[in-house]
Amino acid sequence: KNEVEQSPQNLTAQEGEFITINCSYSVGISALHWLQQHPGGGIVSLFMLSSGKKKHGRLIATINIQEKHSSLHITASHPRDSAVYICAVGAGANSKLTFGKGITLSVRP
Amino acid sequence: GAVVSQHPSWVICKSGTSVKIECRSLDFQATTMFWYRQFPKQSLMLMATSNEGSKATYEQGVEKDKFLINHASLTLSTLTVTSAHPEDSSFYICSAVGQDKSYGYTFGSGTRLTVV
């Protein structure tokens, strides 16, 4: 069993839809990261969470430490949101990250 | 915000030659640099961790003599793929953690290496 599991594996949505991507982990962590990777390969760090909820624009990330679960929500989805979304966890500052396999999101116009 | 500049973005080289990839932290000091490789449709795989002024720590199965990592300053880390072979063709990406650890990890834009 992978230490970081993401679901669903692939996701297709219609523009404007509300999207939720899930991440579960089985190890102790100090922080969870949501990353976005576009087809060109570059990675953007969206959120770093250790508790509660964060919001940035149309993106909302939540984490439940007790349940070892995090969700990334995208409101009013747009085709430019099409990317791979990766969940990663770290055990401490400067520690290496353990990555999920990523979810490929396609938003159709 | 924090930016890591990674160069080159893509490179094609002949078998047997060496390729150097650079990652520079532009507006912060990177105390730790992580180097990853990613095969198509796969997740990121950590190759090594380097701390400024120290020898890199390599993950199991990664040849330290083949993938040379230098982190001589707080703003520059390099990965050199020596005697490259076609199986080294991959996407290589770095991520840095700065002295202000609360900021998190900043990723470079990646380097697509093709060995022919």
Side-chain angles (χ1 to χ4, degrees), chain A residues 1-7 9-10 21 23-25 27 29-52 54 56-57 59 61 63 70 72 83-106, chain B residues 1-11 21 23 29-52 54 56-60 62 71 90-114:
Chain A
K1 186 178 186 295
N2 293 329
E3 293 179 331
V4 181
E5 297 271 2
Q6 291 189 244
S7 63
Q9 290 188 340
N10 294 287
I21 299 170
C23 175
S24 296
Y25 54 93
V27 295
I29 69 168
S30 68
L32 181 144
H33 303 253
W34 280 103
L35 312 170
Q36 180 191 56
Q37 185 172 32
H38 279 279
I43 291 177
V44 174
S45 179
L46 299 175
F47 295 103
M48 182 177 71
L49 289 166
S50 55
S51 65
K54 286 190 176 180
H56 185 257
L59 303 178
I63 188 168
S70 176
L72 176 68
V84 176
Y85 291 84
I86 302 168
C87 171
V89 299
N94 278 19
S95 68
K96 60 183 181 181
L97 297 178
T98 301
F99 294 87
K101 291 185 177 180
I103 289 168
T104 302
L105 170 66
S106 297
Chain B
V3 175
V4 171
S5 175
Q6 183 170 347
H7 291 281
S9 55
W10 61 270
V11 58
I21 301 169
C23 279
Q29 293 184 321
T31 53
T32 303
M33 191 73 76
F34 300 94
W35 286 94
Y36 305 91
R37 66 188 299 181
Q38 184 181 37
F39 292 107
K41 304 293 185 183
Q42 301 283 323
S43 188
L44 293 149
M45 290 176 52
L46 180 65
M47 299 175 67
T49 303
S50 72
N51 294 297
E52 185 265 337
S54 304
T57 301
Y58 290 80
E59 295 299 299
Q60 191 173 9
V62 178
H71 193 167
S90 188
F91 184 73
Y92 294 87
I93 192 164
C94 63
S95 74
V97 177
Q99 291 177 326
D100 179 5
K101 299 177 179 59
S102 65
Y103 198 87
Y105 297 75
T106 304
F107 287 82
S109 54
T111 298
R112 177 79 55 194
L113 171 63
T114 303

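Each chain gets a letter, A, B and so on, in the order its sequence line appears, and its residues count up from 1. Only this structure's heavy atoms are used, side chains among them; waters, hydrogens and symmetry mates stay out.
A:Gln37 places a side-chain heavy atom less than 4.5 Å from the side chain of B:Phe91.
The distance from atom CD of A:Gln36 to atom CZ of B:Phe107, rounded to the nearest 0.5 Å, is 12.5 Å. Note that OG of B:Ser43 and CD of A:Gln6 are 7.5 Å apart. Values are rounded to the nearest 0.5 Å. Taking CD1 of B:Ile93 as the start and CD1 of A:Ile43 as the end, the distance is 4.0 Å to the nearest 0.5 Å.
Panel note: side chain B:Ser109, backbone A:Gly42; no donor-acceptor pair is recorded below 3.5 Å.
Put simply, of B:Thr111, B:Thr49, B:Leu44, the one with the most heavy-atom pairs under 4.5 Å next to chain A is B:Leu44.
Residue B:Gln42: no heavy atom, backbone or side chain, is found under 4.5 Å from chain A. Contact annotation for B:Gln6: neither backbone nor side-chain heavy atoms come within less than 4.5 Å of a heavy atom of chain A.
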Starting from the C-alpha separation in whole Å, work towards a yes-or-no answer on side-chain contact (heavy atoms from CB on, under 4.5 Å) for A:Leu97 and B:Phe34.
CA-CA 9 Å; A:Leu97 297 178; B:Phe34 300 94; over 6 Å; no
